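Source: prediction; values computed, not measured.
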Amino acid sequence: MFPRPPPHSCDTFVALPPAAPGGRVVFGKNSDRPADEVQEVVHFPAAAHPPGAALECTYISIEQVERTHAVVLSRPSWLWGAEMGANEHAVCIGNEAVWGREEIGDGEALLGMDLVRLGLERADTAEKALCVIVDLLEKYGQGGNCMESHMAFTYHNSFLIADRKEAWVLETSGKYWAAEKVEGGVRNISNQLSITTKIDREHPELKEYAKSNGWWDGEKEFDFAATYSYVNTARMTTSGGRYCEGYKLLNKHKGSITSEIMMEILRDKESGINMEGGFMTTGSMVSVLPQQPNLPCIHFFTGTPDPARSVFKPFIFVPGITQLLKTTSPTFGHDDPVKKKPRFQSKPDRRHELYKKHESAAVVMETIKDKGKEMLKEIQELEKQKINQMESILQNGCLDVNQVVNLFSQIQSKNNVMCGDSSSDGQQSTRYFSTFFLGISSS
């Protein structure tokens with residue numbers, strides 16, 4: 001067995017009213033993955049499936065349900081599941097790698113990322129998504145290599161699940177799990193178990209299993225994180241790790257957390273939340289979920305590494321969304337090295353068009369400092385414009401589809417004109433790097 005790499009994970013955040021003003025829930029996540037891994041942003045429409053149909057996930061096939069919801073996903077391009085995403089019913093989910101006392105099996109099962117997508121495709125509320133995930137965990141288990149490499153990288157998973165009304169933290173250890181309903185306005189998860197004594201739902205054998213392993217004496221108050229891992233739960237919010245730093249940043253802005261504040265948190269390098277190095281932040285997501293059901297939810301994705309020099313691009317669920325071609329990676333069908341056994345004998349070029357332009361722009365930023373500053377200022381201004389336009393949609397009280405269609409068309413037209421192959425000074429990269437995408441009606 002290959003030695004396990006040192007723990008690396010992600011950070012996921014949620015702010016509920018009154019921590020987020022305006023009667024909104026704000027969700028955010030950084031996906032920290034191997035630095036050379038491509039993360040794509042893809043949309044799958046709602047679909048009906050014949051009874052008894054099989055569903056091929058990353059490693060195993062499971063039984064498909066009769067109907068799945070429309071989803072938008074940010075995912076490592078080599079697998080079926082997703083690091084984070086949202087569905088048409090305003091459910092958002094992000095997952096984290098966690099480790100603890102329970103051994104991680106060598107067998108292939110459902111990845112935590114598969115469970116993210118399955119929860120989004122099969123549930124129309126956060127609590128139902130929790131139920132979907134734990135039911136699948138019980139039936140199929142979790143396991144398998146979580147990295148596109150012959151070197152094994154395996155872990156258990158935690159999840160932060162939100163909708164317009166509430167949020168849940170779900171943390172697992174093998175098939176065992178505990179869930180906490182978020183109260184107090186803000187919550188974050190990172191690469192450690194964080195549910196302590198406030199357990200609102202749990203695996204029926206959670207405590208007995210811990211007792212049988214000698215992890216809990218059955219007398220003192222049951223603390224999930226302390227029992228199933230080696231975490232000193234009394235020091236979690238003061239110990240200086242990413243979980244602690246995320247907790248501090250959320251509480252610093254409590255009462256005024258907007259999409260822009262959440263993006264600022266995700267871009268924070270000093271805390272380690274915006275990760276650099278062999279593992280880095282390869283994709284980011286921020287969602288605004290108004291509690292008023294007549295208002296649209298707005299989901300922002302980067303689709304590119306390092307949110308500090310990426311644009312958060314808005315997506316809105318509306319009928320007739322076309323495929324997000326610029327952020328969709330090439331596919332290789334049955335020839336994909338992930339599908340062949342032994343797996344991961346080679347690694348194809350999975351870069352999508354936006355990723356390639358981002359690479360070019362990043363080179364300019366790193367090598368031509370003045371030009372880099374100019375590019376960064378430009379993309380920040382463009383992002384600000386889009387955030388303001390999305391805020392206008394929310395303030396108007398309903399979605400003006402014509403406005404969205406016109407906005408998308410104007411951006412696409414400008415982008416197509418300015419993305420020729422003749423640029424030599426980085427302007428081509430700047431313009432494409434600043435592309436925005438929206439879910440729009442095809443009519």
Student: Dump the intermediate steps for side-chain hydrogen bond (donor to acceptor under 3.5 Å, both in side chains) on Asp268 and Asn274, then the final yes or no.
Tutor: CA-CA 5 Å; Asp268 193 279; Asn274 184 5; over 6 Å; no
Student: Name all pairs fulfilling the side chain to side chain donor-acceptor pair (under 3.5 Å) condition that reach into residues 223-232, sequence neighbours left out, sorted by first residue then second.
Tutor: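 Those involving residues 223-232 are Asp223-Thr233.
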Student: For Glu83 and Arg75, what are the C-alpha separation, side-chain angles and deciding distance, and is it a salt bridge (charged side-chain N to carboxylate O under 4.0 Å, His left out)?
Tutor: CA-CA 5 Å; Glu83 278 277 292; Arg75 66 177 187 178; over 6 Å; no
Student: Walk me through whether Lys313 and Glu383 qualify under salt bridge (charged side-chain N to carboxylate O under 4.0 Å, His left out).
Tutor: CA-CA 7 Å; Lys313 297 163 279 290; Glu383 182 182 85; over 6 Å; no
Student: Roughly how far, to the nearest 0.5 Å, is the OG1 atom of Thr12 from the CD1 atom of Ile93?
Tutor: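 Going from the CD1 atom of Ile93 to the OG1 atom of Thr12 covers 11.0 Å.
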Student: Please collect all salt bridge (Lys or Arg N to Asp or Glu O under 4.0 Å) contacts where either partner lies in residues 123-135, sequence neighbours excluded, each pair once.
Tutor: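 Residue pairs with at least one partner in residues 123-135: Asp124-Lys128, Glu127-Arg201.
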Student: Determine which pairs satisfy side chain to side chain donor-acceptor pair (under 3.5 Å) with at least one residue from residues 62-71, sequence neighbours left out, and list them in order.
Tutor: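 Non-adjacent pairs meeting side chain to side chain donor-acceptor pair (under 3.5 Å): His49-Thr68, Gln64-Arg122, His69-His89.
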Student: With heavy-atom distances below 4.5 Å as the criterion, would you say the side chains of Asn191 and Glu96 are in contact?
Tutor: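 Not in contact.
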Student: Restricting to pairs with a member in residues 323-351, which pass ring pair (Phe, Tyr, Trp, His ring centres under 6.0 Å), not counting sequence neighbours?
Tutor: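 Checked against ring pair (Phe, Tyr, Trp, His ring centres under 6.0 Å) - neighbours excluded - the pairs reaching residues 323-351 are Trp78-Phe344.
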Student: Has the side chain of Gln142 got a donor or acceptor atom that lies under 3.5 Å from a matching backbone atom of Ala109?
Tutor: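 Checked: no pair found.
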Student: Search all heavy atoms of Pro296 against all heavy atoms of Ile393 and return the closest pair with its distance.
Tutor: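 Here Pro296 and Ile393 meet closest at CG-CG2, 3.8 Å.
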Student: Quick one: are Met375 and Val364 in side-chain contact, heavy atoms under 4.5 Å?
Tutor: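 Yes, their side chains come closer than 4.5 Å.
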Student: Could you tell me whether a side-chain N or O of Glu138 sits under 3.5 Å from a main-chain N or O of Leu136, the two making a donor and an acceptor?
Tutor: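 No, because the side chain of Glu138 does not come within donor-acceptor range (under 3.5 Å) of the backbone of Leu136.
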Student: Which residues satisfy the side chain to side chain contact (heavy atoms under 4.5 Å, CB included) test with Asp349, sequence neighbours excluded?
Tutor: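 Checked Asp349 against side chain to side chain contact (heavy atoms under 4.5 Å, CB included); matches are Arg351.
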Student: Is the shortest heavy-atom distance from the side chain of Val288 to the side chain of Cys297 under 4.5 Å?
Tutor: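 No; the side chains remain at least 4.5 Å from each other.
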Student: Kindly compute the distance separating OH (Tyr243) from CG (Asn188), expressed to the nearest 0.5 Å.
Tutor: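 Answer rounded to 0.5 Å: 5.5 Å.
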Student: Could you tell me whether the side chain of Glu171 and the main chain of Ile195 form a donor-acceptor pair under 3.5 Å?
Tutor: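 Yes, because the side chain of Glu171 sits within donor-acceptor range (under 3.5 Å) of the backbone of Ile195.
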Student: Under the side-chain hydrogen bond (donor to acceptor under 3.5 Å, both in side chains) test, which residues partner Asn213, sequence neighbours left out?
Tutor: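 So Asn213 forms no side-chain hydrogen bond (donor to acceptor under 3.5 Å, both in side chains) with any residue.
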Student: List the atom of Asn95, the atom of Cys10, and the distance in Å for their closest heavy-atom pair.
Tutor: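 For Asn95 versus Cys10, the nearest heavy atoms are O-SG, 4.2 Å.
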Student: Taking only residues two or more places apart in sequence or in another chain, which ones pass side chain to side chain contact (heavy atoms under 4.5 Å, CB included) with Pro34?
Tutor: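 Per chain and number, Pro34 pairs via side chain to side chain contact (heavy atoms under 4.5 Å, CB included) with Asp36, Glu37, Met147, Phe279.
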Student: Report yes if the side chains of Leu111 and Cys146 come closer than 4.5 Å at any heavy-atom pair, otherwise no.
Tutor: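 Counting from C-beta outward, Leu111 and Cys146 do come under 4.5 Å.
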Student: More than 12 heavy atoms of other residues, nucleotides or ligands under 6.0 Å from CD of Gln292: yes or no?
Tutor: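 Enclosed.
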Student: Kindly compute the distance separating OG (Ser74) from CZ (Phe301), expressed to the nearest 0.5 Å.
Tutor: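 With rounding to 0.5 Å, OG (Ser74) is 6.5 Å from CZ (Phe301).
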Student: Say whether, by atom type as modelled, one donor and one acceptor occur between the side chain of Asp163 and the main chain of Ala126 under 3.5 angstrom.
Tutor: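 The answer is yes, because a donor-acceptor pair under 3.5 Å joins these two groups.
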Student: Can Asp11 and Arg242 be said to form a salt bridge (charged side-chain N to carboxylate O under 4.0 Å, His left out), step by step?
Tutor: CA-CA 8 Å; Asp11 293 275; Arg242 282 202 334 276; 2.7 Å; yes
Student: Looking only at non-hydrogen atoms, find the nearest pair between Val91 and Ala129 and report the distance.
Tutor: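 Nearest heavy atoms, Val91 then Ala129: CG1-CB, 4.2 Å.
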Student: Can you tell me if Ser190 uses its side chain to pair, donor with acceptor, with the backbone of Gln192 under 3.5 Å?
Tutor: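 Checked: no pair found.
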Student: May I ask you to check if Arg117 and Phe44 form a cation-pi contact, with NZ or CZ under 6.0 angstrom from the six-membered ring centre and within 45° of the axis?
Tutor: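 Relative to the ring axis of Phe44, which defines the angle, Arg117 lies inside both limits.
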Student: Who pairs with Asn145 by side-chain hydrogen bond (donor to acceptor under 3.5 Å, both in side chains), at least two apart in sequence or on another chain?
Tutor: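 Per chain and number, Asn145 pairs via side-chain hydrogen bond (donor to acceptor under 3.5 Å, both in side chains) with no residue.
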Student: Quick one, Asn30 and Ile273 - any side-chain contact, counting heavy atoms below 4.5 Å?
Tutor: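 SC-SC contact between Asn30 and Ile273 confirmed.
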Student: Given 3.5 Å as the limit, does a donor-acceptor pair link the side chain of His253 with the main chain of Ser256, or not?
Tutor: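 Checked: no pair found.
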Student: Between Glu260 and Lys386, does any NZ, NE, NH1 or NH2 come within less than 4.0 Å of an OD or OE carboxylate oxygen?
Tutor: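 No salt bridge links Lys386 with Glu260.
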Student: With side chain to side chain donor-acceptor pair (under 3.5 Å) as the test, pick out the partner of Gln39 among Thr281, Thr327, Thr282, Thr304.
Tutor: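 Testing each of Thr281, Thr327, Thr282, Thr304 against Gln39, the sole residue satisfying side chain to side chain donor-acceptor pair (under 3.5 Å) is Thr282.
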Student: Quick one: are the ring centres of Trp215 and Tyr209 less than 6.0 Å apart?
Tutor: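 Judged by ring-centre distance (under 6.0 Å), Trp215 and Tyr209 do meet the cut-off.
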Student: Mind checking salt bridge (Lys or Arg N to Asp or Glu O under 4.0 Å) for Glu276 and listing every partner two or more places apart, or none if nothing turns up?
Tutor: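 Per chain and number, Glu276 pairs via salt bridge (Lys or Arg N to Asp or Glu O under 4.0 Å) with Lys269.
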Student: Quick one: are Glu148 and Leu79 in side-chain contact, heavy atoms under 4.5 Å?
Tutor: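 Result no, sub-4.5 Å side-chain heavy-atom pair not found.
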Student: May I ask you to check whether Ser310 and His358 show a side-chain donor-acceptor distance below 3.5 Å?
Tutor: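 Result is yes, a qualifying pair exists.
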Student: Glu205: which residues meet the side chain to side chain contact (heavy atoms under 4.5 Å, CB included) condition with it, sequence neighbours left out?
Tutor: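 In terms of side chain to side chain contact (heavy atoms under 4.5 Å, CB included), with neighbours along the sequence ignored, Glu205 is linked to Lys175, Tyr176, His203.
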Student: Can you tell me if Thr331 uses its side chain to pair, donor with acceptor, with the backbone of Gly333 under 3.5 Å?
Tutor: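 No: the side chain of Thr331 does not pair with the backbone of Gly333.
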Student: Would Arg309 and Asp306 count as a salt bridge (charged side-chain N to carboxylate O under 4.0 Å, His left out) here? Give the steps.
Tutor: CA-CA 6 Å; Arg309 55 187 183 190; Asp306 187 357; 3.6 Å; yes
Student: Out of Val42, Val116, Val41, which one pairs with Leu73 under the side-chain contact (heavy atoms from CB on, under 4.5 Å) rule?
Tutor: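 It is Val42; the other options fail the test.
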Student: Counting C-beta onward and ignoring hydrogens, is there a side-chain heavy-atom pair between Ser287 and Val26 closer than 4.5 Å?
Tutor: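 The answer is no, as the side chains (C-beta and beyond) never meet within the 4.5 Å cut-off.
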Student: Do NZ/NE/NH1/NH2 and the carboxylate oxygens of Lys384 and Glu391 come within less than 4.0 Å?
Tutor: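 Looking at Glu391 together with Lys384, the answer is no, because their closest N to O distance does not fall below 4.0 Å.
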Student: Is there a side-chain contact between Ile189 and Phe13 (heavy atoms, below 4.5 Å)?
Tutor: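 They are not in contact (no side-chain heavy atoms under 4.5 Å apart), so the answer is no.
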Student: Taking side-chain hydrogen bond (donor to acceptor under 3.5 Å, both in side chains) as the definition, give me every residue that meets it alongside Glu180, ordered by chain and number, with sequence neighbours left out.
Tutor: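 Listed in chain order: Arg187.
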Student: May I ask you to decide if the ring planes of His299 and Phe315 are parallel, tilted or perpendicular, using 30° and 60° as cut-offs?
Tutor: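 His299 and Phe315: tilted rings.
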Student: Distance-only, no hydrogens or angles: does the Glu40 side chain make a donor-acceptor pair with backbone N or O of Ser329 under 3.5 Å?
Tutor: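 Yes, Glu40 side chain to Ser329 backbone: donor-acceptor pair under 3.5 Å.
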Student: Mind checking side chain to side chain contact (heavy atoms under 4.5 Å, CB included) for Ala70 and listing every partner two or more places apart, or none if nothing turns up?
Tutor: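 Partners of Ala70 by the side chain to side chain contact (heavy atoms under 4.5 Å, CB included) criterion, ordered by chain and then number, come out as His43, Ala46, Glu88, Phe317.
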